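The chain is numbered in sequence order, starting from 1. In this text, all values refer to a predicted model and were calculated from it rather than measured experimentally. Note that ligands are numbered from 1 as they come in the structure, with each ligand's atoms numbered from 1 the same way.
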Amino acid sequence: MAQPGSKDADETRDDARGSDALAHALRRLEGEFLRPYRVTLWLCLLGLLAQSALMLPGPLIQGWLLDRLVALGRIAKSGGGGLAFTPAAAGSAYRALAAATAGLVACQVLRSLLSWAVASTTGRVSQEVVVALRSALQRKLMRLPMAYFDSHQTGRIMARVTSDVGGILSFVNSGLLQLLNDLLLGVGIAFLLVWLEWRLALIALVAVPLYALNQALFAARIRRTSQAIRAQVSAIYALLSERVSAVRIVRAYAQEDAEVATLVGRVDRHRELNMRNIRSGAALNALATMISGLGTVAVLGLGVLLVTRGALTVGSLLAFYALIGQLYGPIVRLTQFQATAQATCISVERLFEILDEPEPIADSPSAIALEDRPEGSLRFDGVSFRYGPDWPLVLEEISAAIAPGQTVGIVGASGAGKSTLLAVAARLYDLEPGEGSIALDGRDIRDIRLDDLRRNVVLVPQQAIAFQGTIRSNLAYARPDATDEELWRAAELAQLAETIRAMPAGMDSPVDERGGSLSGGQRQRLALARAILADPAVLLLDDCTSALDAETEARIQDALQEALPGRTRLIVSHKMSSVRSADKILVLDAGRIVESGTHDELMRMAGHYAAQFEAQGARAEAEHA
Ligand code: ADP
């Protein structure tokens, strides 16, 4: 991604890669996504070539017909220089016309059929390739480590899945085959021209190197701008997706105008870059047209000279003229292709950038499958963790043993590392080698198949997420095969059943994206019900009842205790009251466990926990009073 500060570095890198980049990108696209269509694409190329080759007889037939007419007729004395024919000659002329017409029509019909077949086939292939690309991206995104999402904006990722894939679509659809076709067609026409009259061909073909020069002058410029445009599109997506998600905050601080101004700024920059490319493209085309125009005029001059000397027939001159028109077509397209190819090349590179991301969290070859439900003991052994190589430690030497079925409360100041502890326990982040280990039923969680681990250790995050759909689809997300009865039971346990019954369509009431129609507390209970439905051996609750009142929270805790006996629970909470009855409470401070024990033990210690409990107790009393 072009960072403002790294522009120079980017351009150097860009130039160093040069034209190899396209070949490399294409090879990868071909190797990984076009392989199944190899035969089809070759057939399409043959079809395109045949279609182009069928353009060539036209000028020759017309030239031949003209020469026949000239040979058969005589210049008429009246009628402005037209030809006069004897009846016999007229008969021959009609027969020549019939033959020429039949040839021209046959070529045209065949071309139309081929064009239809090729267009519909490449269209189908490109759609299928896009589906394959999008699903590969989707699969990859689902497997990438959380750290990837911490460091990449959602909008930029979305831009790749939408606009970059779109660019590749049009390239596969029309660009790729057209390129090969144009190259071969150009060579074919050149041969034909030389065969017809080499002196004329020499003049006509002088234009080709001029074309190449013209192209070289503009290509690098267009390529660089294209890259900047892509980066800008990503930036716009990123800004939009962030601000649309945070529209409440934007409104709350009356920042609408400022946001619009920021967006307009970026859109303006995007427009400027686009204009730069449009200007380059326009200049390139203007020069190309001028070169072709001058070439054609030169051919006309020499052609007429050759005709007057009897070295060339009028028909051949006509054929030559028409063929030149067809020669410039592919060359102009080739110059334009350069721009598309550059853009595609960048898109392909950016897609592979995602597809090539390493997937550190993956099953080791020796990963064990969990056949039965684990008992649910958890053991943290000297666990240290940081979010990135140069980041400070967030967890330091955490050791704790949690017996199956225990409820463990985790408390501590904000930023102490509570959420991080749960995230590493759920293996959303992997521990670095030598930074301790976490074991489920005595087995390192890195040695357990990830699918099995995720089924048995479920994290309910702080921010409750609801998907677009219905209450039912949101609950069943955890277990698509759940029966109605099971859905209701989970809702009941999460104290959500009343709410669902009160909704107009019950279980089938719609929930919109981001759960906008639900209150914060309802969304939290929905997330909790989803986790209950998954029925894991270990439930990690990350302050997921923060929006609920103490009474509802207590009811949920009791219900869970009763309905899910023997499940291990780790409960992070900022409310001391939520963990008071836990079997064990861990007090975290700056990434370390500073106290641990039952509520009573901790109160007797009169340390962090006791102080915090007193403070919250005093506050609660004050609120009650
Ligand atoms: P708690 O849950 O106790 O409030 P967290 O575990 O959320 O604490 O955070 C502990 C520390 O880790 C904080 O300093 C926080 O800034 C940092 N942190 C949390 N998440 C990330 C992340 N995704 N990337 C980088 N740092 C993070």
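Partners of Tyr387 under the ring-ring contact (aromatic ring centres under 6.0 Å, His included) rule, at least two apart in sequence or in another chain, are Phe385, Tyr429. When the side-chain contact (heavy atoms from CB on, under 4.5 Å) test is applied to Ala610, the partners found at least two apart in sequence or on another chain are Met603. Under the salt bridge (Lys or Arg N to Asp or Glu O under 4.0 Å) criterion, Glu486 pairs with Arg479, not counting sequence neighbours.
Salt-bridge annotation for Asp589 and Arg592: absent, with no side-chain N of the basic residue lying under 4.0 Å from a carboxylate O of the acidic one. Salt-bridge formation is detected for the pair Glu498/Arg501: a Lys NZ or Arg NE/NH1/NH2 atom is positioned less than 4.0 Å from an Asp or Glu carboxylate oxygen.
With hydrogens and angles ignored, the 3.5 Å screen pairs no side-chain donor or acceptor of Arg567 with any backbone N or O of Ile532.
Listed by chain and number, Asp150, Tyr387, Trp391, Val394, Ala413, Ser414, Gly415, Ala416, Gly417, Lys418, Ser419, Thr420, Tyr429 each place a non-hydrogen atom less than 4.0 angstrom from ligand 1.
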